[in-house]
Each structure stands twice: as C-alpha cells, then as structure tokens.
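Report on the structure given below.
Along the sequence shown, residues are numbered consecutively beginning with 1. Atoms within a ligand are numbered from 1 in the order they appear, just like the ligands themselves. Because only heavy atoms are used, hydrogens play no part in the values below, and waters and symmetry mates are left out as well, while side chains stay in.
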Amino acid sequence: MNNQTDMQEMILSGAPASPGITVGKARLYKRRRPMVSGRHIPDMDVEQHINRFNRALSVAEQELQDLIAGQDDEEAVELLQAQVAMLNDPDLKKRVELEIKQANRPADAAIDQVFGVYIDLMEEHQEGALKRRSLDLADARDRLIQLVNDNDDTREIPDDAILVAHELSPREVIEFSEHDIRGIVMDRGGITSHAAILARSMQIPTVVGVEEASKSIAANELIILDGNQGKVIVKPSTDTQKKYDDIITEAARKQAKIQQVCDKPNETVDGAGFTLRANIEFENELPSIERFCAQGVGLLRTESIYLHCDHFDDEQKQYTFYGSVLEHTAPHPVIIRLFDAGGDKLFNVAEQEQNPFLGWRGIRMLLDKKTVLKQQLRAILKAAGRYPGRLRILVPMISSLDEVAAVRKAVAIVQGELQKEGEEIDPNVPIGIMVEVPNVAIQARAFAKQVDFLSIGTNDLTQYLLAVDRGNERISGLYSQRHPALWQLIKQVADAGKEHSIPVSVCGELASDPAAACCLLGMGITELSMTPSALPAVKQALCTRGISDMQALASKVLESTTVAESEEIFTNF
Ligand code: PEP
Ligand code: MG
C-alpha cells in the first residue's frame, strides 16, 4: 500500500520485521537465476555429470558449514543447519542422479528439474513452514547450478546501504549482514519468514511485505526505513528527515545510557549483589532480555497460550515455546509459571463467575482440569530435561498447603511417566509458589518448608490485602503497592525465606519501582523480576546506593502507618 504525501515524498507500508530506524541510499538487489543448459548429454558423459553434481553438493555444504562456524546466533545456525539437511536429503540426491542417468540431462538441468518439482509443491502452500522452506530450496538449487557450471557467485554485495529486494533467502541475509548493510526492505515475506527472523536476531532494521518496493524504489534513492512502524519513506522531505534525525538521536542517546548501566556489575556501591530478571509472556519479547541485560526470566506468564490458542492443549507447541525461551536466555534460569487462567482470564465464557478474582483461578482451576495441568507439566518437564538445572516451576494463586502437595504429586507422576517413555528429566527441578494470597504471606514459614522458592506477586497481594480490585478505575486511588501493610507482609516472607534458606523474589510491579527496589534489597530480597524496559532504571538506582541506606529505608517504611507516610519516605530517599 502506498500513498503520496507531497510531490516528492512517498510512504510505503509493510510489516515491521525487525526494529530500528535507519536512513540511507537504496541498493536494489536482484537475485540472478543461473542459466541452465537445455542439451542432452551422451551416455559416456553421464558419470562425469554425476561427479560434478556430487562435488557441487559437497562444496555447497562446506560453504554453509563455514557460515555456521562464523555464526554465534543460534537461530541463524539452526536455519543454516536446515539448509545443510536439505542438501543431504538422500531422496533429492537420488532423483537428480536418476535424471542425469535416465533422461541424459546435464547436471545443471537435472538439478533444476528435480528441485523445481519440490519447490512447486511447497509453493502451493499459502504460508507457513513449507512455503518458507521453498525459498531456501530455491537458494540451494541456484547455488548448486552455479557450482556445477563453475560460475562464480555474482552476488553484488552492497556496503553501508539499505537493501531493497523482492525476497531474500537466509543465506543472503547472513552474507549481506557481513557487509554492514543498514537495513532491509523486501516486497515479500511476513514477520515470521526466515529472512525476518534472521534480520531480527542480527538486529538489522527490516520492513517486509512492502508490495512493489523493489519496483517503486530507484537505485541510490534516499530512503528512511522505520522498522518499528513497518514504514519506508522514499525521497523524504526536509521536514521528515529532520523529524527522523531527532528520533534516531534520541534513540541512540537512550540506548547508550542503557548500555552504560548494563555494563556495570550487579552490585550496590558497597558490594552487595543482586539479580534482575525479566517478566515476559510472548516469544517476541525475547530480544528485550538481551537488550536490557536481564539475567534470565523471573516470570514467564503462560496463560496467553491457554487463552489465545485453539490448541492450548498442544503439548508439542508448548514444549517448543518453553525450549525457545530457554535457548535464548542461556545460561540463566527461566521460571515458568503454570497457567494462571480463570478469574478474569477465562477460556470459556460459560465459566464466568460473580467474583472472578476470588474464584476458580490459577492452581484452583488447574487441579480440577487435570488434563490441562498434565499437558503443561509434560511440556515443562520435557524442556527441563533438555536444559537441566535451568528451569523452575512457579505455581500461581496458591492458598493452601494441600495445593502445594497436590502439585508436587502431579509433578512426580508426570516425571515418572516421562521416564518410562525414555525422556530425560531433571529430577531436581525446583518448585516454587507465588505469594499473592495474604494467608500465604502470613504463614510464609509453613509454606517455605514445603517449597523450593517463593515469588511475591505484589499485584495480586495488594488487591487481596487491601480488598481493592486491581482493575477497577473507580477505586484505583485505594490501590497502592507502597502501602505499609504490604511492606510488613513482604518482610515476613523475606524472613521466612531466610530462615528456611530458600530464595525469595519479587515479580510484581513493585519490583520495577526504583525506590521500592532499594527498599526490597534493604529487606534482604535480592532477586527482582520486572518488565524488561524497567530494568535499567532499577539497576541504576541499586548500583548508586549503599546497602546500609537501603536497610535504613526499609526500617522507616516498616514503621510507617499510612500510604502518605510511606510515599513521603520514598520521595525523600
Ligand atoms: C502478581 O500478581 O504480582 C503477578 C506478578 O502476577 P500477575 O500480574 O500475572 O497476576
Ligand atoms: Mg498474580
């Protein structure tokens, strides 16, 4: 879709595949389809052509292995390995050889013919994995044809430009990335295409699905690529250039500041250590973990799988998601919370209740929906077996010790079943609970004896403690996570954890408030988890103060009796 905003400037819209804004000259890249000979070969040349084909296969594989060796991006490595597997497909190899032998076709034409059949089959799929693989196969075909014909790869690699192409294969993205291209615009592809996935992991701003971009943008034309919004501005006006220059400068300033904070060790000025992790829910949040230097995931909310997916009971889908989070966060831990559905997050509207927050929610619902619990545990425990020592299970909405025992039992049963099936398991996967119902905080000592860690969910703990619905605008003035009573409960939980030598963390919104984070550290809670973008400000606050000041802050807050008093203490800190 394009629209003219003035005589010169043209805005093209597409899908934001990889974030970032960049300005540069367009370089048009057109993949050249190598020429294929149409002749027939005599029987005596058959063997020579089969040999040429096999040599091309090993050279192409070696090229991919070289690219793999130079890659530290896991996703890129996986995609390249998939291409190697394609080249090693015995069926494809056999068919090409038969085509040379039986139809007396030269090697290049045989490759073209056999690969063409597979590509056409894959192309029939409107989208999805097969459609994406067809592009990879076409790329392999072209490279093999070049190699059997001893043609050099004539790919022109532009430096320092914004690449505009109809479509790129993973190999092309990787090769271009080595030449410092500033951005990528593609006519085709969605945000889940292989090229988009790679561009994201390589942090190349990219807009895909910009129909006709390669036809409507001329070589060397000045363009602004806005990978955040999925826009390409061709021949930008002076005003637009100025606006984007300002945005780029501001973004660079912010990133430099974040980086400065990230590079500091996680210690207070007097050397007390702390751990900051990320709360995430979706796969597309993974890059922010690295960007904001989180030490793993302190809360992986999983209920969106349950709520938004028709196949929430798809164990494989869950296993892939958990695996991907673990893969991206190595070597740090990942704390996966069981579905916290129910309450106001219902899959089935017929299950709506009068008092949803006090109702059939979290573990209460899971213990009734045994199949849902079992499937989630199977996916989690299989992932734990694949990444031993890194995964922890967090149980939401616990309000009784019986529930803890029931979860432990369910985990043990599923572990036994998986072992019988020959799956690897991590026998010591820690099981912790959310402290979000006040009775659990009050009885924290009893709960601490039965679990491996405690994670305080201040969002719910506040609403249950103060009897204030966290989502009700009308009474939002009564909802404060700085309420002295909340702090008193937090202190009890921190002390219980210390007494029983189990970790206590905070994963509610309170942890993302820099002054509150200092107070939590002052109470001895050294593990905090929050929305990734809040990490730099919290770290900055913790790194620039001493632990004794934080302890003094905690004592004062514990002595306060009203929200106004505690607010004042925080403001003066
Ligand atoms: C909490 O209650 O503090 C919490 C982290 O969980 P959620 O916000 O998902 O209910
Ligand atoms: Mg909660």
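Of the N and O atoms on the side chains of Q318 and Y322, at least one donor lies less than 3.5 Å from an acceptor on the other residue. A donor-acceptor contact closer than 3.5 angstrom is absent between the side chains of K257 and Q540. Side-chain polar atoms of T458 and E509 form no donor-acceptor pair below 3.5 angstrom. Between the side chains of D270 and T268, at least one donor N or O lies within less than 3.5 Å of an accepting N or O. Counting only N and O atoms by type, the side chains of R390 and T329 include a donor and acceptor under 3.5 Å apart. Between T531 and N279, the side chains place no donor N or O within less than 3.5 Å of an acceptor N or O (distance only, hydrogens not considered).
Below 4.0 Å from some heavy atom of L299 lie the following atoms of ligand 1, by number and element: 5 (C). Against a heavy-atom cut-off of under 4.0 Å, G457 is close to the following atoms of ligand 1: 1 (C), 2 (O), 3 (O). Atoms of ligand 1 lying under 4.0 Å from any heavy atom of E436, numbered from 1 in the order shown and given with element: 1 (C), 2 (O). In the vicinity of M434, heavy-atom distances shorter than 4.0 Å reach the ligand 1 atoms 4 (C), 5 (C), 6 (O).
Within D460, the N/O/S atom positioned nearest the Mg ion (ligand 2) carries the name OD2. Atom OE1 is the N, O or S atom of E436 at the shortest distance from the Mg ion (ligand 2).
Taking a 4.0 Å cut-off on heavy atoms, R470 registers as neighbouring ligand 1. No heavy atom of E509 sits closer than 4.0 Å to any atom of ligand 1. In this structure, R361 counts as a contact residue of ligand 1, since one of its heavy atoms falls inside 4.0 Å of the ligand.
Counting heavy atoms of neighbouring residues, nucleotides and ligands inside a 6.0 Å radius, atom CD of E424 does not exceed 12 of them.
Using cut-offs of 30° and 60° on the angle between ring planes, the pair F357 and Y464 is perpendicular.
Among the backbone and side-chain atoms of D340, none of the N, O or S atoms lies under 2.8 Å from the Mg ion (ligand 2).
Contacts between Q481 and ligand 1, counted as non-hydrogen atom pairs separated by less than 4.0 Å, are absent for every part of the residue.
Evaluated by nearest non-hydrogen atom to atom 2 (O) of ligand 1, the leading choice among V506, D460, T458, V437 is D460.
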